[in-house]
Amino acid sequence: RIPKALDSFQRITNINIKTDAEDGSENLKIQCCLRPCTNDSLPMIGKLPTSNSVSSNLFIAHGHNCWGILWGPITGKAIEQLLVDGKTDINLNHFNPLRFS
């Protein structure tokens, strides 16, 4: 994934990144931020189920991929409502954390 990410970055920015210093260029530190993403590219948002008859207060808001900054406010609102009221007025059906089980 990292070579493909670097190629994409170079095409978008027209910046030529050299990863070795054999040609006398500066040695660059290159990082790729791999964003968490689910198999269906939709985040997991909601309360996780109880297990072994133990009450669960575990909530998840994960897997937003590159949309995390844009989805952050509405995700935060949904999680806040779930924590405070036990329900939310935001439809989270498509983001059910159990959809892969």
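Along the sequence shown, residues are numbered consecutively beginning with 1. These figures come from a predicted structure and were not determined experimentally.
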Taking distance alone, no hydrogens or angles, what donor-acceptor pairs closer than 3.5 Å link side-chain atoms of residues 67-75 to residues at least two apart or in another chain?
unit_1: Thr75; atom_1: OG1; unit_2: His64; atom_2: NE2; d: 2.9
unit_1: Thr75; atom_1: OG1; unit_2: Trp71; atom_2: O; d: 2.8

Mark yes when over 12 heavy atoms from residues, nucleotides or ligands other than Asp85 sit less than 6.0 Å from its CG; otherwise mark no.
yes
Shortest non-hydrogen separation from His62 to Pro36 and the atoms involved
CE1-CB, 3.3 Å
Shared ILVMFWY cluster between Leu58 and Leu82, side chains joined below 4.5 angstrom?
no
Nearest-0.5 Å distance that lies between atom CZ in Phe59 and atom CG in Leu83:
5.0 Å
Of all heavy-atom pairs linking Gly46 and Ile79, the shortest is N-CD1, 4.4 Å
Using the rule given for side chain to side chain contact (heavy atoms under 4.5 Å, CB included), can you reason through Phe100 versus Asn39, listing the C-alpha separation, both sets of side-chain angles and the distance that settles it, and then say yes or no?
CA-CA 9 Å; Phe100 299 109; Asn39 289 343; 4.1 Å; yes
Roughly how far, to the nearest 0.5 Å, is OG1 of Thr38 from CE of Met44?
6.5 Å
Look only at the side chain of Gln81 and the backbone of Asp89, and say whether a donor-acceptor pair between them is shorter than 3.5 Å.
yes
Would you check, one step at a time, whether the test side chain to side chain contact (heavy atoms under 4.5 Å, CB included) holds for His94 with Arg99?
CA-CA 8 Å; His94 294 293; Arg99 67 185 182 273; over 6 Å; no
Listed partners of Asn96 passing side chain to side chain donor-acceptor pair (under 3.5 Å), at least two apart
none
Side chain to side chain donor-acceptor pair (under 3.5 Å) against Asn93, all qualifying residues, sequence neighbours excluded:
Asn91
Which atom names give the shortest non-hydrogen contact between Ala78 and Thr88, and what distance separates them?
CA-OG1, 3.8 Å
Test side chain to side chain contact (heavy atoms under 4.5 Å, CB included) on Ile45 and Ile60; report intermediate values, then the result.
CA-CA 5 Å; Ile45 305 170; Ile60 190 168; over 6 Å; no
